[in-house]
Amino acid sequence: MSGAVVEADGQEIVVRASVVVMATGSWLRDWDGTAPGTDAPTIRPAKGVHIALPWLKIRNTSSLTFQVPGQKTPATITRWGDSVLVGTTDTEYTGDLDHVGCTADDADVLLHAVTSSFDTDVSAADIQGSIAGTRPLVARSNAKNTAEIPRSSEVRTDPDGLVSILGGKLTIGRHMGMQGIDAAEKVLGVQRRCRTADTPILGAAGYDEASFTASGGWEDHLAERYGTESRFVSQIMADDPAMREPIVAGQPYLAAEVVYAARHEMAHTVDDVLARRTRLRLFARDASDGAARRVAGLMAPELGWTPQQVDHQVAAYHEAIQTERQLLTTNTEAQA
């Protein structure tokens, strides 16, 4: 096997490798690059959405599981700071995998479930943000709906040596990674013990939760997010006190975290920071829209952006937020 050709940021990169592991999740649905005589994996994406609501509307003191009317799988409601996260749904998805969003129908299902289970009057106007994605279910049966399909994982190796990781879910992601590496090493003809079970994730080695929690304030916040790596964020703040300012008023994320994300976490868009490295787009969507230019300004010197690139990043984030808002007012989603 010669490797793979990667297209990124308008460039084509040729990667040479003795074995390739394909872990593209739901996007395997649209892939048929298999070698002659090899069947493509059959993936059946299941869409799931979450919405964020003000905690004061629910005031739950613990995470709760409750039934969603008309849905076989239950939903959960979990406190996250001054918000609660409600989800998830489970529906068949046949649309564009690059643009999965929460529609009015999706939100209505969860809002109805909340008002049916709790003494509250939440409505669409209370939604602080939403998130949507798909589960890459392996379609081994003709189940009528995706809720009936197991969330199990599968690793397969094609005759040409391509290793594909199929199905699964976040909670077994590390185990799936171990299975994938074991399969890749078998292709290479080597046998070594996988060390992931004994290897701490970044920031976990030497982490003492009690000592950080006792500190309180931003030190506790950074430790909870970065573990022992929080010292690098703290150094950014020490070098420039302005980096201690929050990105959005009333939210815990600091300007230093934007710089850290660009410098150490491979964030290369404003959306990377506001939607993925932090959760501001989910818990404070409209306020995050107003912070987009400031975030772009913090990222610019780290990534060498020109003023035109800053403008492009801000415009792209504004457009993404506008699309999310519009989708929450419609009951249809663009289909592939």
Side-chain angles (χ1 to χ4, degrees), residues 1-9 11-48 88 90 92-94 97-98 100 133-143 146-207 227-229 264-268 272 276-277 336:
M1 180 174 291
S2 59
V5 177
V6 179
E7 293 183 2
D9 296 330
Q11 295 182 328
E12 190 175 275
I13 305 169
V14 178
V15 180
R16 300 295 179 188
S18 298
V19 61
V20 172
V21 178
M22 183 162 60
T24 55
S26 293
W27 282 265
L28 271 171
R29 181 200 68 183
D30 302 331
W31 180 80
D32 191 13
T34 52
T38 304
D39 294 330
T42 303
I43 297 296
R44 190 171 167 184
K47 178 183 173 184
T88 179
D90 196 324
E92 190 95 23
Y93 185 75
T94 59
L97 292 168
D98 291 334
V100 185
T134 59
R135 310 171 188 88
L137 306 182
V138 182
R140 300 187 182 92
S141 65
N142 294 321
T146 53
E148 298 174 357
I149 303 176
R151 270 54 174 165
S152 55
S153 63
E154 177 183 317
V155 177
R156 82 175 212 175
T157 303
D158 290 345
D160 62 359
L162 176 66
V163 176
S164 298
I165 301 177
L166 318 173
K169 54 194 294 187
L170 181 63
T171 51
I172 60 171
R174 198 162 186 172
H175 178 66
M176 291 171 63
M178 181 181 69
Q179 291 179 311
I181 294 301
D182 287 345
E185 291 197 331
K186 188 174 182 180
V187 173
L188 294 172
V190 297
Q191 288 186 330
R192 287 175 293 198
R193 177 178 170 273
C194 184
R195 297 179 294 172
T196 186
D198 304 316
T199 303
I201 61 174
L202 185 65
Y207 177 63
T228 56
E229 294 293 295
H264 300 290
E265 295 183 327
M266 297 187 289
H268 72 283
D272 278 344
R276 287 173 284 279
R277 306 306 186 274

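The structure displayed is predicted, hence computed values, not measured ones.
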*Asks:* Distance check, rounded to the nearest 0.5 Å: E229 atom CD versus H264 atom NE2?
*Replies:* 8.5 Å
*Asks:* For T228 and A204, work out which heavy atoms get closest and say how close.
*Replies:* OG1-N, 4.4 Å
*Asks:* Show the nearest heavy-atom pair for residues A40 and D32, with the distance to one decimal.
*Replies:* CB-OD1, 3.6 Å
*Asks:* Check for a donor-acceptor pair, side chain of T196 on one end and backbone N or O of M178 on the other, with a separation under 3.5 Å.
*Replies:* no
*Asks:* With no hydrogens and no angle check, is any side-chain donor or acceptor of D158 less than 3.5 Å from a backbone partner on D160?
*Replies:* no
*Asks:* Distance only, no hydrogens: is a donor on one side chain within 3.5 Å (strictly under) of an acceptor on the other, for S164 and R156?
*Replies:* no
*Asks:* So, do E185 and V163 sit near enough that their side-chain heavy atoms are less than 4.5 Å apart?
*Replies:* no
*Asks:* Output every pair passing ring-ring contact (aromatic ring centres under 6.0 Å, His included) with a member in residues 171-207, not counting sequence neighbours, ordered by first then second residue.
*Replies:* Y207-F212
*Asks:* Going by heavy atoms in the side chains, are L97 and P45 under 4.5 Å from each other?
*Replies:* yes
*Asks:* Do the non-hydrogen side-chain atoms of T38 and P159 ever get within less than 4.5 Å of each other?
*Replies:* yes
*Asks:* Under the rule for side-chain hydrogen bond (donor to acceptor under 3.5 Å, both in side chains), what residues qualify as partners of S152, not counting sequence neighbours?
*Replies:* R140
*Asks:* Search all heavy atoms of V155 against all heavy atoms of A183 and return the closest pair with its distance.
*Replies:* CG1-CB, 3.8 Å
*Asks:* Charged N to carboxylate O under 4.0 angstrom, R193 versus D198?
*Replies:* yes
*Asks:* Judged by atom type as modelled, is there a donor-acceptor pair below 3.5 Å linking the side chain of R277 to the main-chain atoms of E265?
*Replies:* yes
*Asks:* Thinking salt bridges, do D90 and R151 make one under a 4.0 Å N-O criterion?
*Replies:* yes
*Asks:* For side-chain contact (heavy atoms from CB on, under 4.5 Å), just list the numbers for L137 and T146, CA-CA rounded to whole Å, side-chain angles, deciding distance to a tenth of an Å, and then say yes or no.
*Replies:* CA-CA 8 Å; L137 306 182; T146 53; 4.0 Å; yes
*Asks:* I need the M266 CE to D272 CG distance, nearest 0.5 Å.
*Replies:* 10.0 Å
*Asks:* CD of Q179 to OG of S153: how many Å apart, nearest 0.5 Å?
*Replies:* 4.5 Å
*Asks:* Report the C-alpha separation of T157 and K186 in whole Å, then their side-chain angles, then the decisive distance to 0.1 Å, and conclude whether the side-chain contact (heavy atoms from CB on, under 4.5 Å) test is met.
*Replies:* CA-CA 10 Å; T157 303; K186 188 174 182 180; over 6 Å; no
*Asks:* Provide the closest heavy-atom pair for P41 versus L166 in the form atom of the first, atom of the second, distance.
*Replies:* CB-CD2, 3.8 Å
*Asks:* For residues V20 and L162, report the shortest heavy-atom separation together with the two atoms involved.
*Replies:* O-CD1, 3.5 Å
*Asks:* Does any non-hydrogen side-chain atom of I165 lie less than 4.5 Å from one of V21?
*Replies:* yes
*Asks:* Hey, are the side chains of R44 and Y93 touching, using non-hydrogen atoms and a 4.5 Å cut-off?
*Replies:* no
*Asks:* Any chance CD1 of I172 has more than 12 other-residue heavy atoms, nucleotides or ligands included, within less than 6.0 Å?
*Replies:* yes
*Asks:* Return yes when atom CD1 of I13 has more than 12 non-hydrogen atoms of other residues, nucleotides or ligands closer than 6.0 Å, and no otherwise.
*Replies:* yes
*Asks:* Judged by atom type as modelled, is there a donor-acceptor pair below 3.5 Å linking the side chain of R174 to the main-chain atoms of A197?
*Replies:* no
*Asks:* If you measure from the Lys or Arg side-chain nitrogens to the Asp or Glu carboxylate oxygens, is any gap between E92 and K47 under 4.0 Å?
*Replies:* no
*Asks:* With a 4.5 Å cut-off on side-chain heavy atoms, are D98 and W27 touching?
*Replies:* yes
*Asks:* Looking at every heavy atom in both S18 and L188, which two are closest together, and how far apart are they?
*Replies:* CB-CD2, 3.5 Å
